[in-house]
Amino acid sequence: MLNQYKSTIKKGGAAVLIIGLIAGFSLGCQSNDYEQYIKAEEKTEAAKTSVYDTTIKVESDIDTSQMTEEQLKSINYLKQFEFKGKITQDKNKNALISDAWINLGGIGFDFVYYGNGDSQYIKYPVLKKYIDLQTLIQSTDATNNTLPTLSDSTKKTLGNIWDQLKTKESIRSVGDMIIATDAGDIKAKHMVIDVPGDAIKKAVVDSQKILFLDPNIQKMIQNQMEKIKTKTIEKGSTEEEIKDLTDTNTALFDKTFNIESYTISCDIDADGYLVRKGVEIVMSGFGKDSPLKTMTFHMETVFSSLDQPVTLNFPEIGPDQIFTSEELNQQMPSVFKDLIQ
């Protein structure tokens with residue numbers, strides 16, 4: 001029964017992430033407002049240096065009245081997910097530092113990610129050494145669990161699916177706002193875009209089919225199937241569950257799946273850059289037998305220091321400051337390991 005709860009919530013999470021992470025960076029406004037938004041998005045994405053703060057929240061309303069104490073303990077971390085990160089990036093140097101914080105059902109931890117060329121490290125404050133990302137992947141057997149890179153063809157098709165949702169009627173209001181950034185308060189043009197729930201639902205289903213037909217995704221699924229056959233996958237995961245989640249002949253949910261509300265907002269400054277981008281989705285109707293009643297996804301990114309000088313302070317990391325695979329297995333906190341896996 002607990003695995004059924006987890007499976008349902010995984011489906012909910014998959015849907016809101018598909019909607020939020022694809023649509024949140026794809027939809028805009030039409031006419032002159034739309035043209036202004038497209039130019040601002042292109043200019044922002046083309047910025048060689050940037051500092052931006054991103055917040056992601058996923059909250060699940062779960063009926064726990066019929067759950068045992070053991071089930072409650074296991075399901076608790078799925079009820080609320082929150083991520084906050086400050087990212088400083090210099091594309092000219094292929095360098096990035098992300099100071100991040102994650103909360104899983106009330107269990108919070110922070111870490112810093114360092115990406116400098118081909119070198120990638122994670123520093124978890126409680127641990128005395130740095131984690132080499134490649135070592136982390138090897139020690140947690142996460143090679144086949146991390147999301148692979150999508151093909152250019154898949155990205156283009158997904159973009160087309162969500163681009164079709166752009167209409168003049170999607171603009172609900174336009175005005176000016178003051179946005180607080182690291183560079184100070186900035187006056188920006190504010191746009192709010194609403195898209196009908198049925199249109200979003202269709203885009204989700206169409207996107208699911210395209211995603212799971214991507215050759216790299218197919219390879220990942222096949223690897224998972226092989227791990228099941230060799231009994232190396234975590235207890236509780238089944239071949240039927242994976243097939244259910246990745247079946248391109250069915251939607252992520254049954255026909256009762258609904259989008260209660262969906263709103264995208266954006267703010268553009270006088271220089272034509274995006275200052276802020278946000279998306280919020282509320283979903284319901286996951287089936288009469290599902291303990292998952294509603295799921296809310298909220299994502300907001302505030303940009304600053306675009307195409308301005310940025311400071312990236314990378315630590316000097318020697319071999320004796322890096323965890324070995326054996327040390328990681330012994331010392332890595334379980335909540336962090338569970339997140340990676």
Side-chain angles (χ1 to χ4, degrees), residues 6 8-28 41 44-45 50-62 75-89 96-113 115 122 124 133 142 145-147 149-150 155 158 162 179-182 192-193 195 200 203-204 207-208 211 252 259-267 274-284 286 292-304 306 335-341:
K6 288 184 176 180
T8 302
I9 295 170
K10 285 179 182 178
K11 290 181 181 182
V16 294
L17 288 175
I18 287 174
I19 298 171
L21 299 181
I22 296 177
F25 291 96
S26 298
L27 295 178
E41 186 174 57
T44 302
E45 292 180 352
S50 60
V51 177
Y52 55 96
D53 294 84
T54 295
T55 300
I56 299 174
K57 295 181 180 179
V58 181
E59 296 182 340
S60 301
D61 180 11
I62 303 173
I75 213 76
N76 184 58
Y77 79 96
L78 295 173
K79 294 178 65 176
Q80 182 176 353
F81 169 86
E82 185 173 3
F83 168 88
K84 292 183 179 180
K86 178 179 288 294
I87 296 90
T88 304
Q89 181 175 230
L96 181 150
I97 295 178
S98 175
D99 192 349
W101 174 81
I102 289 178
N103 185 335
L104 291 170
I107 301 176
F109 59 92
D110 59 319
F111 63 94
V112 181
Y113 166 84
I122 293 174
Y124 186 63
L133 192 56
N145 293 336
T146 52
L147 187 64
T149 302
L150 298 177
K155 292 178 181 178
L158 288 172
W162 292 89
I179 307 298
T181 73
D182 287 349
V192 177
I193 307 99
V195 181
I200 295 296
V204 171
S207 296
Q208 179 219 6
L211 281 171
L252 281 166
I259 295 178
E260 299 293 333
S261 63
Y262 180 93
T263 303
I264 294 176
S265 59
C266 54
D267 300 281
L274 282 178
V275 181
R276 188 191 65 86
K277 186 77 178 287
V279 57
E280 184 172 277
I281 312 109
V282 179
M283 302 172 63
S284 67
F286 298 95
L292 180 60
K293 302 307 177 185
T294 63
M295 181 175 282
T296 302
F297 173 95
H298 176 82
M299 179 175 180
E300 181 177 81
T301 300
V302 178
F303 302 88
S304 60
L306 294 167
V335 65
F336 191 81
K337 187 181 294 185
D338 288 343
L339 179 66
I340 298 298
Q341 293 178 323

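- Using a distance-only test at 3.5 Å, with no hydrogens or angles considered, no donor-acceptor pair links the side chain of T263 to the main chain of E280.
- Residue K86 is tested with D99, T54, D53 for a side chain to side chain donor-acceptor pair (under 3.5 Å); the sole match is D53.
- For the atom pair OG1 (T296) and CE (M283), the distance works out to 10.0 Å, reported to the nearest 0.5 Å.
- Here V302 pairs with I179, T181, R276, E300 under the side-chain contact (heavy atoms from CB on, under 4.5 Å) rule; sequence neighbours left out.
- Note: L158 CG to L211 CG = 5.0 Å, rounded to the nearest 0.5 Å.
- Residues E41 and K277 have side chains in contact (heavy-atom distance under 4.5 Å, counting atoms from C-beta outward).
- In this view, T44 and Y273, L274, F303, L306 satisfy the side-chain contact (heavy atoms from CB on, under 4.5 Å) rule, not counting sequence neighbours.
- The OH atom of Y113 sits 6.5 Å away from the CG atom of L96 when rounded to the nearest 0.5 Å.
- Note that CZ of F83 and CG of N103 are 12.5 Å apart. Values are rounded to the nearest 0.5 Å.
- The side-chain contact (heavy atoms from CB on, under 4.5 Å) check on T55 picks up K57, K84, with sequence neighbours excluded.
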